[in-house]
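Here the structure is a predicted model, which means the values were calculated and not measured. Throughout, a chain's letter reflects where its sequence line sits, starting with A, and its residues are numbered from 1.
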Number of protein chains: 2
Amino acid sequence: MTSILVVDDEPQIRRALRVNLEARDFRVLEAVDGESALHVAAEQRPDLALVDLGLPGISGLDVIAGIRGWSDLPIIVLSVRGAESDKIEALDAGADDYVTKPFGMGELLARVRAALRRRSPDADEPVVQTAAFEIDLVEHRALVDGIEVHLTPTEWALVGMLVRHPGRLVTQRHLLHEVWGPGYDHETNYLRVHLANVRRKLEPVPSQPRYFITEPGMGYRFQPDAPERDQR
Amino acid sequence: MTSILVVDDEPQIRRALRVNLEARDFRVLEAVDGESALHVAAEQRPDLALVDLGLPGISGLDVIAGIRGWSDLPIIVLSVRGAESDKIEALDAGADDYVTKPFGMGELLARVRAALRRRSPDADEPVVQTAAFEIDLVEHRALVDGIEVHLTPTEWALVGMLVRHPGRLVTQRHLLHEVWGPGYDHETNYLRVHLANVRRKLEPVPSQPRYFITEPGMGYRFQPDAPERDQR
DNA sequence: GGGCGGCGCCAAGATCTCGTGAAGACGACG
DNA sequence: CGTCGTCTTCACGAGATCTTGGCGCCGCCC
C-alpha cells in the first residue's frame with residue numbers, strides 16, 4: 001500500500017491529513033519535527049512526504065535536503081508562508097510542489113495523486129545485486145545467473161520487505177503485518193513455507209541460506225554480500 | 001537544449017514567458033490554440049509544456065489528455081481560474097502542476113525547474129517496434145505485419161500504459177486507475193477481457209503471449225524483443 | 001538426558017486467478 | 001428505429017498459488 005509521511009507540528013493538521021489520506025487508502029506515517037521526520041523517512045521509506053516548513057528544530061528546508069540526499073521520493077511542501085521567495089527556495093531545495101496554508105483538501109489530494117503518478121520510474125533502490133542473483137524492484141524482475149526466475153506475489157512481498165532494508169533484521173510480526181495484514185501475527189507457518197520457497201528459487205544452496213538469514217525467535221534478515229561499511 | 005512549449009492565446013503572456021525562459025537558456029516553442037498545441041507537441045517533442053486552460057477551440061483539458069495519450073512530458077497548467085474544482089480536474093487529467101494567474105515569474109521558473117528535475121530519465125520513444133508489430137503512440141497507429149489494425153480507445157489506453165514502460169511490470173491497480181479511473185480497483189475482469197482483445201489483435205499466437213505477459217496476481221508487462229541481453 | 005519450542009521441508013487439498021466465449025447494455029449515427 | 005462498434009457482465013475450465021497439517025531436526029533450558 002502506498003504510504004505517505006506527514007511532517008507537521010500541529011496536531012490538528014496531522015489529524016486532518018491522516019483522516020483524509022486514510023480515507024483514500026493511503027498508509028499515513030507522522031512526524032512532529034525535522035529530526036524524527038528524517039528518521040521515519042529513512043526507516044519506513046514512504047512513497048511521498050508532506051512537509052511543513054515551519055518546524056521546531058531542524059527547518060523544513062533541511063528536511064527536504066536531508067531526504068534528497070538519498071531518495072527521490074516526491075516531496076510536497078505545506079506552508080503558511082506564501083511569499084515567492086519562500087516557494088522558490090523550497091522548490092530549488094528539492095521539493096516537488098508547494099501548497100500554501102490554508103489549502104483545500106481536494107486540491108492537496110489531487111496534487112498528491114499527480115506527484116505519485118510521476119513517481120514510477122525512479123523509485124529508490126531500483127536494483128539489488130548479489131553474487132548469486134539480481135532483484136529489480138522497479139521492473140519486478142528477479143534474475144539468477146542471468147536467467148529470469150518467477151516469483152509469486154507473496155514471495156515478492158517478502159523479498160521486497162527484506163531487500164529494502166539490507167542487513168537489517170525484520171521481525172516476524174512486521175513481515176506478517178505487511179504481507180498478510182493485521183490478524184496474522186501468529187501464523188509464522190506462512191513465513192517458514194514462503195521463505196523456503198524464496199530460498200529454493202534464489203539461494204545457491206537453499207539448505208544453507210547465505211542471503212536470507214533467519215534469526216531464531218526474531219525474524220529474518222537480508223544479508224548482502226558486498227561488505228560495505230555504510231550502514232546508513 | 002531543453003525546449004519548452006508555451007500554449008496561450010494572449011500574446012503578452014507568451015512574450016513574457018518567452019523572454020524569461022530564453023534568458024534561462026530554454027528553447028521556446030509557441031502555440032496559440034489547442035489544435036496547434038497538440039500538433040507542435042507531437043512534431044517537436046518539447047521537454048515540458050506550459051498550458052493555459054482558457055483556450056479557443058479545443059480546451060486546455062483536452063490538450064492535456066491528448067498529450068498524455070502518447071507522452072509523459074511534464075505539463076504545468078496556467079489559468080486564471082483558481083477554483084479548487086478546476087485544479088483537481090486539471091491535475092487528474094494528467095497535469096503535473098497548476099499555477100493561477102497572475103503568477104510570479106520566479107515561482108513559475110522554480111516550478112519549471114522542479115518539473116524538469118523529476119522528469120523520467122528514459123526518453124519517450126513514441127513509436128514502439130517489435131518483430132510482430134509496430135505501435136505509433138503519436139499517430140495512434142498499430143501495424144501488424146505491415147497492415148494496419150484497429151484498436152478501440154480502451155485498448156489504446158491499455159497498450160499505451162504498457163508500452164510506455166518496456167519491460168516493467170504495471171500493476172493491475174495502476175492500469176485500472178489510469179484507464180478506468182479511481183473506484184475500479186477490483187474490476188480485474190476488465191483487464192482480462194481487454195487484454196485478451198489486445199492479444200488477439202497484436203500477438204502472433206494470442207494463446208501464448210510473447211509481448212504482453214501477465215504476472216499472476218500482480219499485473220501485466222510489455223516485454224520487448226531482446227536482441228541482446230547483456231549483463232550491463 | 002529429556003522435554004520443548006522454533007525451524008525447514010513436504011505434499012495434498014482448498015482457494016484464487018486467468019483466459020475465453022458469449023450475451024446483454026449502451027451510445028453514436030444514419 | 002435499426003445497425004454497428006464498443007464496453008460490461010457473467011460463467012466455466014485450467015492452472016497457478018496459497019493454506020494447512022504433519023514430520024523430523026536442532027538448539028536450548030530445565
Original post:
Which of these nucleotides, dT20(D), dT20(C), dG19(C), is closest to any side-chain atom of Arg199(B)?
Top reply: dG19(C)
Original post:
Counting only side-chain N and O atoms of Trp180(A), is one of them less than 4.0 Å from OP1 or OP2 of dC18(D)?
Top reply: no
Original post:
Rounded to the Å, how far apart are Leu176(B) CG and dC18(C) P?
Top reply: 11 Å
**OP:** Test salt bridge (charged side-chain N to carboxylate O under 4.0 Å, His left out) on Arg68(A) and Asp96(A) and set out the steps.
**Re:** CA-CA 11 Å; Arg68(A) 277 290 171 269; Asp96(A) 291 292; 2.9 Å; yes
Subject >> Value in whole Å for how far the P atom of dG6(C) lies from CG of Leu191(A) >> reply: 13 Å
**OP:** Could you tell me whether Thr188(A) contacts a base, only the sugar-phosphate backbone, or nothing, with contacts defined as non-hydrogen atoms closer than 4.0 Å?
**Re:** nothing
Original post:
Of the candidate nucleotides dT6(D), dC18(D), dC18(C), which contains the atom at the shortest distance from the side chain of Thr152(B)?
Top reply: dT6(D)
Subject >> Nearest listed nucleotide, side chain of Pro216(B), among dC7(D), dG22(D), dT17(D) >> reply: dT17(D)
Original post:
Side chain of Pro153(B): nearest nucleotide among dT6(D), dG22(D), dT19(D)?
Top reply: dT6(D)
Original post:
Whole-Å distance between dG21(D) C1' and Tyr190(A) OH?
Top reply: 12 Å
Original post:
Are Trp180(A) and His194(A) close enough that their ring centers fall under 6.0 Å?
Top reply: yes
Original post:
Taking for each residue the nucleotide of DNA chain C with the nearest heavy atom, is it Pro209(A) or Ala196(B) whose nucleotide lies nearer the 5' end?
Top reply: Pro209(A)
**OP:** With the side chain of Thr214(B) defined as its heavy atoms from C-beta on, choose the nearest nucleotide among dC9(C), dC10(D), dC18(C).
**Re:** dC18(C)
Original post:
To the nearest angstrom, how far is Asn189(B) atom CG from dA22(C) atom C1'?
Top reply: 14 Å
Subject >> Flag if over 12 foreign heavy atoms under 6.0 Å of NE2, His186(A) >> reply: no
**OP:** Identify whether any heavy atom of Tyr184(B) sits under 4.0 Å from a base atom; if not, whether one sits that close to sugar-phosphate; answer base, sugar-phosphate or nothing.
**Re:** nothing
Original post:
Between dC10(D), dT20(D), dT6(D), which nucleotide has the shortest distance from any of its atoms to the side chain of Val193(B)?
Top reply: dC10(D)
**OP:** Before accepting this row, confirm whether a basic side-chain N of the pair Asp52(B)/Lys101(B) lies closer than 4.0 Å to the acidic partner's carboxylate O.
**Re:** yes
**OP:** Check the side chains of Tyr98(B) and Asp86(B) for a donor-acceptor pair under 3.5 angstrom, ignoring hydrogens and angles.
**Re:** no
**OP:** Taking the six-membered ring for Trp and the full ring for Phe, Tyr or His, determine whether the centres of Tyr220(B) and Phe212(B) are under 6.0 Å apart.
**Re:** no
**OP:** Would you indicate what Glu155(A) reaches in the nucleic acid, counting non-hydrogen atoms under 4.0 angstrom: base, sugar-phosphate, or nothing?
**Re:** nothing
Original post:
Taking atom C1' of dC18(D) as reference, at what distance in whole Å does atom CG of Leu195(A) sit?
Top reply: 15 Å
Subject >> Value in whole Å for how far the P atom of dT6(D) lies from CG of Leu151(B) >> reply: 10 Å
**OP:** Output yes when at least one side-chain N/O atom of His150(A) is less than 4.0 Å from OP1 or OP2 of dA16(D), else no.
**Re:** no
Subject >> Between C1' of dC7(C) and CZ of Arg200(A), the distance in whole Å >> reply: 15 Å
**OP:** Can you tell me the distance, in whole Å, between the CZ atom of Arg192(B) and the C1' atom of dA16(D)?
**Re:** 14 Å
**OP:** Please state whether the phosphate of dC18(C), meaning OP1 or OP2, lies under 4.0 angstrom from any side-chain nitrogen or oxygen of Gln172(B).
**Re:** yes
**OP:** Could you tell me whether the phosphate oxygens of dT6(D), OP1 or OP2, come under 4.0 Å of any side-chain nitrogen or oxygen in His194(B)?
**Re:** no
